**Q** 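Pasting a structure here, questions to come.
Only a predicted model underlies this, so the values are computations on that prediction, with no experimental measurement involved. So that the names make sense, note that chain A is the first sequence line, chain B the second, and so on, each numbered from 1.
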2 protein chains.
Amino acid sequence: MKDTDDKLISRNMKPTAMRELVLDALLEQNVAVSLSDLEKKFDRADKVTLYRTLKTFEENKLIHSIDDGTGSVKYALCAENCQCNPHDLHVHFFCTKCKRTYCLNDTPIPSVTLPLNFEIKTINMVVKGTCANCKE
Amino acid sequence: MKDTDDKLISRNMKPTAMRELVLDALLEQNVAVSLSDLEKKFDRADKVTLYRTLKTFEENKLIHSIDDGTGSVKYALCAENCQCNPHDLHVHFFCTKCKRTYCLNDTPIPSVTLPLNFEIKTINMVVKGTCANCKE
DNA sequence: ATAACTTTGCAACTCGGTTGCATAAACTTT
DNA sequence: AAAGTTTATGCAACCGAGTTGCAAAGTTAT
């Protein structure tokens, strides 16, 4: 029984071949991936299946989605016990040179004071600039 | 000579009729508007013209764009002397009930500590929840 | 094995954003 | 003021990301 199977089962998903492939792909990345990234990686696989796989993963809180402003949503694995609550959230970083989107897992989103009677549900914070790899 | 004309001219744009209309529409709003919002408001006007008007405004730093995660970019007026530098930036708020996107001009984006050798150029921070109007 | 449900694959569509090109309007130069 | 140049507008058409419907294939339960 594979490790990926456990992950899927523990998040209440059936461990299908497709899901294992996609999960493996996500595990070996340290950056967030888009649907079209996956399409390129698995050129035999159908776009819609990949799309629905990601949706299923997201619904079951195995991954979270990041809107990095590039026009294509990115996805990355959640931490082991992540419930995607506001205090689980971290800052994301988009490198304008290599176009990679990083999860800054050690950089929690700072709290902000909102105007009176504004109630927060979630936050999206994306820093853009150049990453360590691209710096010289 | 209209007030909107001054604004346009001072930002190096010719005050055409179209631009005045769009600028007026932006001035009378306290929320950010999308291209399709403008299309609805000016149903006689061409989508592309509105699109290019917004682009021109943005290039000349009369307005800034907000990616609030809804899939359509919103635009709002910049403050008088805004140069859209990182320290000019403010938090945006998207109300999930009324679907309005607010500029929280008085809520500057808090600074974050990035991993070593990551260099910041700009930040996008969108808080989602319910606004004061929608609270009860 | 059969029935019931779930997952996958194909086709096709929506919608926001964008480009090319032709026309119209506004400035410039003589 | 007329001719030429630049700038803005309008139409058509396209692109890519995301999405839905439906039928086929696969899985699970009886």
**Q** For residues 14-29 of chain A, which residue pairs pass the side chain to side chain donor-acceptor pair (under 3.5 Å) check, not counting sequence neighbours?
**A**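 Matches after skipping sequence neighbours: A/Lys2-A/Glu20, A/Glu28-A/Lys41.
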**Q** Test of understanding: with side chain to side chain contact (heavy atoms under 4.5 Å, CB included), list the residues that count as partners of B/Glu39, not counting sequence neighbours.
**A**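 Applying side chain to side chain contact (heavy atoms under 4.5 Å, CB included) to B/Glu39 gives B/Leu35, B/Ser36, B/Lys47, B/Leu50.
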**Q** Let's see if you get this right: which residues in residues 21-36 of chain A place a heavy atom under 4.0 Å from DNA chain D?
**A**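 When residues 21-36 of chain A is checked for heavy atoms under 4.0 Å from DNA chain D, the hits, listed by number, are A/Leu35.
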**Q** Listed by chain and number, what are the side chain to side chain contact (heavy atoms under 4.5 Å, CB included) partners of A/Ser10, not counting sequence neighbours?
**A**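 Checked A/Ser10 against side chain to side chain contact (heavy atoms under 4.5 Å, CB included); zero matches.
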**Q** Keeping to residues at least two apart or across chains, list the ring pair (Phe, Tyr, Trp, His ring centres under 6.0 Å) pairs with something in residues 38-85 of chain B.
**A**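 Qualifying pairs: B/His64-B/His90, B/His64-B/His92.
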**Q** Enumerate the ring pair (Phe, Tyr, Trp, His ring centres under 6.0 Å) contacts for residues 99-121 of chain A, please, sequence neighbours excluded, ordered by first and then second residue.
**A**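 Pairs touching residues 99-121 of chain A that pass the test: A/Tyr102-B/Phe118, A/Phe118-B/Phe93, A/Phe118-B/Tyr102.
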**Q** For the CG atom of B/Leu26 and the CG atom of B/Leu62, what is their distance to the nearest 0.5 Å?
**A**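 Result: 7.5 Å between the selected atoms.
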**Q** Taking 5' to 3' order, which nucleotide of DNA chain C is first and which is last to have an atom within less than 4.0 Å of a heavy atom in chain A?
**A**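 Answer, 5' to 3': C/dT6 to C/dA11.
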**Q** Looking only at the side chains, is there a donor atom on one of A/Lys121 and B/Thr96 sitting less than 3.5 Å from an acceptor on the other?
**A**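 A/Lys121 vs B/Thr96: donor-acceptor pair found between side chains.
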**Q** Is there a donor-acceptor contact under 3.5 Å from the side chain of B/Asn60 to the main chain of B/Thr56?
**A**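 Checked: pair present.
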**Q** Going by the rule side-chain hydrogen bond (donor to acceptor under 3.5 Å, both in side chains), which residues pair with A/Asn124 if we only count those two or more places apart in sequence or in a different chain?
**A**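 In terms of side-chain hydrogen bond (donor to acceptor under 3.5 Å, both in side chains), with neighbours along the sequence ignored, A/Asn124 is linked to no residue.
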**Q** Using a side-chain heavy atom cutoff under 4.5 Å and only I, L, V, M, F, W and Y, what cluster partners does A/Leu116 have?
**A**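 Members besides A/Leu116: none; it forms no cluster.
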**Q** Give, ordered by number, those residues of residues 38-63 of chain B having at least one heavy-atom distance below 4.0 Å to an atom of DNA chain D; if nothing qualifies, reply none.
**A**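 Output list: B/Asp46, B/Val48, B/Thr49, B/Arg52.
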**Q** Applying side chain to side chain contact (heavy atoms under 4.5 Å, CB included), can you list everything that pairs with A/Arg52, at least two apart in sequence or on another chain?
**A**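 Only A/Val48 meet the side chain to side chain contact (heavy atoms under 4.5 Å, CB included) criterion with A/Arg52.
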**Q** Quick one: does any side-chain atom of B/Asp88 pair with a main-chain N or O of B/Gln83 as donor and acceptor, under 3.5 Å?
**A**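 Yes: the side chain of B/Asp88 pairs with the backbone of B/Gln83.
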**Q** Reading DNA chain D in the 5' to 3' direction, which nucleotide is the first one with an atom under 4.0 Å from a heavy atom of chain B, and which is the last?
**A**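 So the contact region on DNA chain D extends D/dT7 to D/dA12.
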